[in-house]
Structures are given as structure tokens and as C-alpha cells.
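Read through the structure below, which is laid out as C-alpha cells, and then see the notes.
The structure displayed is predicted, hence computed values, not measured ones. Values reported hereafter were calculated over all heavy atoms of this structure, with side chains retained and with hydrogens, waters and symmetry mates removed.
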Amino acid sequence: MDMKNFVANNEAEELLFKVLVIGDFGVGKTAIIRRYTEGVFYQYYKITIGVDFALKSIFWNPKMHVTLQLWDIAGHERFGYMTHVYYKYATAAIIVYDLSRPTTLESVVKWQNDVKNKVTLQNGQPIPIILLANKCDIEGVSINSEVLKTFCKQHNILAWFFTSAKENINIVVKLLSIADQAIEYLVEKIVSQRSDHNKPNRDNLISLAYKPNYKKLKCCGT
């Protein structure tokens, strides 16, 4: 598709969606966002204070231009008063946990409940959520697909994915894959559940992809 002509004809519907990226401190939220939006990975990141965000535009189809806004919520903000402010107008959420720190998976439900208690779609339904099992590049980490599949089913999480910001596993799209289809499903969920086309929309989507050297690390949906 010729993107210049695509933009020039001004026929595409402009939508902006706010997506929360949450999870305990140190799980790699900032690294994932930077890898996706900037294509880079740094060994060390400063601890996020409060909230940060990044933007990315997606030409969803010839008639729809989506801008996703990724809000990087500091891990220590959980259950704090400010999360109520940060979550406002969110249309989806991505919860991240660290495969090398099992306790961060235990926190996923707490983060999910925090979101459910503080933000809903205009129709009163909970916002769609996916789970990222991050740092899958670390040797010796326990990767149990069945446990994650059952976990997501029990807690109504749409889908889960193994990710690594360091090795760019399932983050920047390079090839069409199951994971890519799953993130499309997430965006489709957001689009189908929106009740007001003119609500605030703008920012980053974490586009999840497949990497040939990691065929065994496939995502599992609900």
C-alpha cells in the first residue's frame, strides 16, 4: 500500500486508543516499550517514576488509522491513588511479569483487579487485557505453557505471550505469526467494544511477533 496516498486521501477514520502497560517494578515494561517504539534495547533503565508514555501509529486498514498510546505505569504505583488518574480513558491493558521472578506472576491478579476496579469501557464492561511473560531469553527460567494457559482462562485474560526485549522476541513484528494474529485480535476487541468513535485515542501498540530462532516459544490464546 502506498502510505503517502493513504494519508493524502484523508478518507481513513482516525482513532486513538489508550493502552496501559502495568506490572511490578523491574519486570521490563519500559524495555518492551522502547524496543517496540524505538527498536533498541539498553542494558540499564532508570526506574520509572509515576508514569511515562509513548506513541505509535497503525494503518489498521484502508479505512482506519489507529494511534495507540502506551502508558508505562511505575511498578510501585499499584493500588496508589494516582493509578485512578493514570487509568482514566484506558481502552486496553497489557500486564507484564518477569519469568525469572515467579512472585511477579502472583501480582498479575492484583494488577488486574486494580484495573477492573478503576476503569471500564463506556458500556460498563472490563477493558481487554493480555499477559506478557517477559525475559524468556534468560537461561534456566521455568516456562510452563499449560500453567499460563490455565491461569489466563481462570482470570479472563485474552491471551499470553513469551517476550524478551533484549532479544526482540515477540515484540517487533517481522513475520506474520500466531502472535501477530493475537495482537490483531486485541485491537479488534478494542475497536469492537468502543461505543464512542470520538473518544480520546492516541499512542503505542505493542505488536507481538514471531522469531524463527524461538519456534518453541509460541503464544497461547484463551
Between Arg35 and Ala165 the two heavy atoms that sit nearest each other are NE-O, 2.8 Å
Interatomic distance, NZ@Lys149 vs CD@Gln154, rounded to 0.5 Å, equals 13.0 Å
Minimal heavy-atom distance between Tyr87 and Val119, with the atoms involved, is O-CG2, 3.5 Å
Exercise for review: Given side chain to side chain contact (heavy atoms under 4.5 Å, CB included), test Asp114 with Ile22 step by step and report yes or no.
Suggested key: CA-CA 10 Å; Asp114 191 41; Ile22 55 180; over 6 Å; no
Those residues at least two apart in sequence (or on a different chain) that pass salt bridge (charged side-chain N to carboxylate O under 4.0 Å, His left out) with Glu106 are none
* To do: Determine yes or no for a side-chain-to-main-chain donor-acceptor pair under 3.5 angstrom, with Lys118 supplying the side chain and Val85 the backbone.
  => no
Glu139 meets the side-chain contact (heavy atoms from CB on, under 4.5 Å) criterion, sequence neighbours left out, with none
Sequence neighbours excluded, the answer for side chain to side chain donor-acceptor pair (under 3.5 Å) partners of Thr104 is none
In short, Ile73 meets Lys29 closest at the heavy-atom pair O-CE, 3.0 Å
For residues 89-99, the salt bridge (Lys or Arg N to Asp or Glu O under 4.0 Å) pairs (sequence neighbours left out) are Asp98-Arg101, Asp98-Lys135
*asked:* Could you go through Phe17 and Val66, starting from their C-alpha distance and side-chain angles, then the distance that decides it, and tell me whether this counts as side chain to side chain contact (heavy atoms under 4.5 Å, CB included)?
replied: CA-CA 7 Å; Phe17 298 124; Val66 174; 3.6 Å; yes
Rounded to the nearest 0.5 angstrom, the CG-CD1 distance for Asn134 and Ile95 is 14.0 Å
Rounding to 0.5 Å, atoms OH (Tyr89) and CG (Leu121) come to a distance of 14.0 Å
(request) For side chain to side chain contact (heavy atoms under 4.5 Å, CB included), just list the numbers for Ile138 and Leu99, CA-CA rounded to whole Å, side-chain angles, deciding distance to a tenth of an Å, and then say yes or no. (result) CA-CA 8 Å; Ile138 298 178; Leu99 279 165; over 6 Å; no
Between Asp137 and Ser164, the two heavy atoms sitting closest are OD1-OG, 2.7 Å
Here the pair of heavy atoms bringing Leu148 nearest to Ala133 is CD1-CB, 4.1 Å
CG (Leu131) and CD (Gln112) are apart, to the nearest 0.5 Å, by 9.5 Å
Shortest non-hydrogen pair, Val27 vs Val96, comes out as CG2-O, 3.6 Å
By side-chain contact (heavy atoms from CB on, under 4.5 Å), Lys88 pairs with (sequence neighbours left out) none
Quick note, ring-ring contact (aromatic ring centres under 6.0 Å, His included) partners involving residues 119-151, not counting sequence neighbours, are Phe151-His155
Where the side chain of Asn113 meets the backbone of Val109, is there a donor-acceptor pair that is under 3.5 Å apart?
yes
Would you say Lys153 and Thr150 make side-chain contact, with heavy atoms under 4.5 Å?
no
task: Give a yes or no on whether Val147 and Leu158 share a hydrophobic cluster (residues Ile, Leu, Val, Met, Phe, Trp, Tyr; joining criterion: side-chain heavy atoms under 4.5 Å apart).
output: no
Here the gap from Ile94 atom CD1 to Ile157 atom CD1, rounded to the nearest 0.5 Å, amounts to 12.0 Å
### Message
Please verify the inter-ring angle class for Phe53 with Trp71; under 30° counts as parallel, over 60° as perpendicular, anything in between as tilted.
### Response
parallel
| request: Please test Ile32 against Val21 for side chain to side chain contact (heavy atoms under 4.5 Å, CB included), starting from the C-alpha separation and ending with a verdict. | output: CA-CA 10 Å; Ile32 288 172; Val21 183; 6.0 Å; no
Rounding to 0.5 Å, atoms CD (Glu13) and CE (Met64) come to a distance of 5.0 Å
